[in-house]
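The sequence lines fix the lettering, A, B, ..., with proteins before strands; numbering per chain opens at 1.
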Amino acid sequence: MATSPPPSLSLTRRQILKGGAALGLGSAASGLTPAWANPWGQSNLYPQGVVDGPEIALDIRRRNLPINGREARPICINGTSPGPLLRLKEGQDAVLRVTNLLDEPTSIHWHGLILPTEMDGVPGISFAGIGPGETFTYRFPVCQHGTYWYHSHSGLQEQLGHAGPLIIDAAEREPFRYDREHVLLLTDWSFEDPASIFRNLKTGEGYYNYQERTIADFLADVRENGFKETAQMRAMWAQMRMSSRDIADVTGSTYTYLLNGHAPGENWTALFKPGERIRLRVINGSAMSYFDVRIPGLKMTVVAADGQPVQPVPVDEFRIGVAETYDVLVAPEADTAYTLFAEAMDRSGYARGTLAPRLGMVASIPERRRIADRGMEAMGAHGGMDHANMGGMNHSSMSDMDHSGMSRMDHSTMADMGEASSSGAEAGAMLPAGAAQPGSQYDHAGIGFDPGERRVLLYSDLKSFLPWPDRREPERELELHLTGNMERYMWSFDGKKFSEVSGPIHFRKDERLRLILINDTMMEHPIHLHGMWMELENGAGELIPRKHTINVKPGERISALITADAEGSWAFHCHLLYHMDAGMFRVVKVS
Amino acid sequence: MNTRNVLMVTCSFLTMLTMTGVYAEDGYDAPDDWPSPMEEHLLGSVLIDRLEYAVPDKGEKALVWDFQAWYGGDINRLYLKSEGENVQGDGEDAEFESLDLLYSRLINDFWELQGGIGYQGGIASDDHPERYFGVIALQGLAPYRIETDIALRVSDEGDVSASFEAEHDLRLTQRLFLQPRTELVVAGSEVEEFGVGEGLNSIRAGLRLRYEITRKFAPYIGGYWEKRYSGTADLAQVQGDPTEDTGVVAGVRLMF
């Protein structure tokens with residue numbers, strides 16, 4: 001049943017934390033912070049109020065609610081933003097009544113859930129949307145478990161905080177144990193109106209980027225690599241009219257990065273008892289921001305990706321693309337505090353909290369890394385370079401660039417040239433199910449990591465806990481290019497914005513399909529398919545992991561197997577909110 | 001080309017603009033009363049690239065503007081561009097050296113082809129002679145990030161002229177920019193009334209140092225050099241205007 005939000009309490013956050021701690025309950029804090037963000041988290045020992053299924057009532061409205069101590073007016077779900085934690089159980093029939101108290105249409109999409117198309121919550125594809133004053137009842141059987149989230153699929157509402165965590169408890173015991181769990185929902189809040197953010201992106205290229213290269217960077221590179229090589233490298237970028245610092249479109253210059261609704265300075269704290277094993281359910285519910293998550297001093301063991309159990313991978317850090325979720329286990333032994341650190345991919349800011357045995361503790365906050373420069377792979381992706389040029393480049397001139405880019409170069413050029421990829425990609429022969437495409441970069445963590453520094457999760461690490469049921473080889477391949485024009489902020493598939501295509505992408509009912517995605521842009525894109533899993537062909541053979549959202553790096557060619565068993569029309573899009581709004585969106589029709 | 005022709009061309013461009021505003025069909029079987037899952041919205045922008053007070057070495061002080069505004073989608077847009085000045089203390093109203101209404105179409109990633117009607121004169125004032133143009137322009141970002149605007153004009157008297165403008169932003173810090181800028185005008189025939197000689201008319205080169213307090217509000221200071229050539233220089237001399245001059249400017253760049 002739904003917890004009704006208490007009337008707005010004029011308590012400071014500290015008072016609330018104290019109160020919450022004294023009671024050992026989270027519900028007292030729900031005036032300003034979602035109940036699930038209680039410091040004690042979720043466990044058998046420390047129960048707290050959450051919105052438990054299977055019958056849940058939610059109301060959506062705009063409400064004055066301070067964010068980072070500043071006046072803000074987010075879209076709230078049952079009075080909080082981010083919204084309440086919805087807790088369902090595998091095997092239930094969920095009934096979610098959503099009442100729209102906004103003065104515009106809204107919707108809720110249950111991200112990552114397998115359900116009938118009319119319950120998917122995408123206005124214009126699944127249903128008409130929820131008009132002002134209307135209530136829509138979502139009903140669907142819950143046939144999976146794990147960590148998911150929900151968010152608006154109407155316009156740019158997601159940027160206004162219209163999102164929350166959705167946890168589904170497993171019907172059977174999961175393949176790992178833990179004593180306590182915490183949800184870590186990462187979001188990016190701006191005090192600017194989302195429509196004006198979009199307009200700024202459209203009208204001023206690099207509008208939010210205050211980490212561009214300057215004369216000083218040029219001189220530093222000249223000192224390090226000599227004038228000739230530096231000038232050559234910069235000339236290539238200038239010739240393409242691109243910026244090698246184009247890592248994020250919207251940055252910390254307007255965003256306040258939030259952990260469970262709290263800014264870094266507010267130090268949201270998750271409690272544990274030394275010796276406990278803690279499950280952290282990490283959700284990237286942001287509109288535009290990739291995060292690199294680590295807890296200095298603690299090894300994290302990744303046990304699930306996008307809600308799906310994977311074979312345990314111990315890591316020091318992982319990158320979470322927009323809309324992805326990861327479950328990690330940590331086991332702090334010491335009676336000390338640890339910083340939960342989620343650094344934005346472009347290093348323009350971070351979300352932060354603390355994992356501590358008691359409230360009021362802090363650990364040191366890591367220094368932010370410098371923004372990386374994109375390298376050859378991004379240039380190659382854009383196609384702005386001829387190969388002769390690329391071969392002629394001296395490798396040492398790349399020492400100022402992202403390290404991973406260097407080793408990645410071979411792969412992307414291979415894909416570009418085609419000739420080196422003799423492994424059956426040519427002559428029409430299809431690779432066997434589960435094999436990695438030439439041009440994939442699953443063994444690279446991505447831009448901005450120093451591979452020697454710490455162990456970062458790779459897509460090639462992800463191995464499904466058990467093989468997924470459909471073991472058929474793909475019957476056909478479908479290739480889509482991720483395309484864009486940065487100067488105009490136009491984003492598309494195969495060079496066509498949603499407004500320019502006529503007709504959906506067609507999947508035959510029950511076919512086994514290989515979707516190949518080729519990123520021709522110099523940005524990462526988290527690609528999300530509604531209604532069906534994508535089994536990421538990362539080379540793990542029969543243990544390929546399945547995902548609802550796949551990060552495709554610049555210049556990368558990736559593939560996923562899909563069992564087209566979900567009849568109806570489904571959304572398929574880049575989950576960067578403004579990319580989607582700019583046209584990187586398609587309808588997939590299964591019939 | 002006379003004024004009527006120019007207007008007709010402009011009108012047909014405008015018709016094209018409205019037609020391309022109709023979006024492709026969604027092509028899947030959603031009921032008619034459902035919204036489109038992704039709405040595309042038309043946008044508009046105003047950039048006052050230069051709004052400056054110019055203090056020349058020899059000539060008269062002047063308030064100078066250079067702005068462009070557009071409205072439309074990603075491919076098709078309607079532009080209003082103008083450059084002009086109000087010479088201080090001459091008792092005359094401001095002169096619009098150009099005021100162009102152009103249909104613009106994106107022809108590749110970085111370039112827009114534009115066409116429409118142009119005006120030169122004092123608008124409501126009789127202080128300056130007036131003429132109309134048919135204008136074709138190519139505006140965009142050249143390699144090495146050089147903002148470029150090339151325009152070809154045919155006046156209502158059939159006089160042909162062309163202008164070339166280029167500017168580049170050199171980033172000194174995240175907010176401080178050094179902007180070299182150059183402008184070159186040529187004409188096919190002499191038009192005495194407007195001080196236009198045949199051949200190369202003038203070259204202007206400037207350097208401005210801009211500080212972006214925000215992306216939308218950036219004050220600057222700078223200097224420029226300009227020179228008039230051949231017939232244009234002769235006409236200037238007759239008017240008592242200098243043929244070569246330098247000056248300093250202070251102004252602001254604004255975006256709305």
Chain B shares the most heavy-atom pairs under 4.5 Å, among A:A235, A:S154, A:S107, A:P105, with A:A235

Can you tell me if B:Y103 and B:N76 form a side-chain donor-acceptor pair at under 3.5 Å?
yes

Please look at A:A195 and chain B and tell me whether the side chain, the backbone, both or neither of the residue comes under 4.5 angstrom of a heavy atom of that chain.
neither

If you count heavy-atom pairs within less than 4.5 Å of chain A, which of B:R215, B:R145, B:M255 leads?
B:R215

For B:L43, is it the side chain, the backbone, both or neither that has a heavy atom under 4.5 Å from a heavy atom of chain A?
side chain

With a 4.5 angstrom heavy-atom cut-off, could you sort out which part of A:N485 is near chain B: side chain, backbone, both or neither?
side chain

Of the backbone (N, CA, C, O) and the side chain (C-beta and beyond), which part of B:F177 lies under 4.5 Å from a heavy atom of chain A, both, or neither?
neither

Salt bridge check, A:R241 against A:E487: does any charged N sit closer than 4.0 Å to a carboxylate O?
no

Under 3.5 Å, is there a donor on one side chain and an acceptor on the other for A:H530 and A:H573?
yes

List the atom of A:F493, the atom of A:C574, and the distance in Å for their closest heavy-atom pair.
CZ-N, 4.2 Å

Do you see a donor-acceptor pair shorter than 3.5 Å between the side chains of B:Q179 and B:Y220?
no

Going from CD on B:E97 to OG on B:S163, what distance comes out if it is rounded to the nearest 0.5 angstrom?
11.0 Å

Looking only at heavy atoms, which of residues 243-251 of chain A get nearer than 4.5 Å to chain B?
none

Should B:M38 and A:K497 count as side-chain neighbours, where that means a heavy-atom distance under 4.5 Å?
no

Can B:R181 and B:E147 be counted as an ion pair, charged N to O under 4.0 angstrom?
no

For A:F585, is it the side chain, the backbone, both or neither that has a heavy atom under 4.5 Å from a heavy atom of chain B?
side chain

Relative to chain A, which segment of B:L47 carries a heavy atom at a distance below 4.5 Å: side chain, backbone, both, or neither?
neither

Quick test of your reading of the model: are A:D217 and A:R370 salt-bridged, counting only N-O distances below 4.0 Å?
yes

Where at least one partner belongs to residues 192-203 of chain A, residue pairs that pass salt bridge (Lys or Arg N to Asp or Glu O under 4.0 Å), sequence neighbours excluded
A:K202-B:D74

Can you tell which part of A:M580 gets under 4.5 Å to a heavy atom of chain B, answering side chain, backbone, both or neither?
both

Please state whether the rings of A:W110 and A:Y138 are parallel, tilted or perpendicular, taking 30° and 60° as the class boundaries.
perpendicular

Hey, what's the ring geometry for A:H151 with A:H575, parallel, tilted or perpendicular (30° and 60° as the breaks)?
perpendicular

With B:D100, the side-chain hydrogen bond (donor to acceptor under 3.5 Å, both in side chains) member among B:Q114, B:R153, B:Q120
B:R153

Under the side-chain hydrogen bond (donor to acceptor under 3.5 Å, both in side chains) rule, collect the residues that match up with A:H162, sequence neighbours excluded.
A:T106

For chain A, which residues of residues 167-175 of chain B have heavy atoms nearer than 4.5 angstrom:
B:L170, B:R171, B:L172, B:T173, B:Q174, B:R175

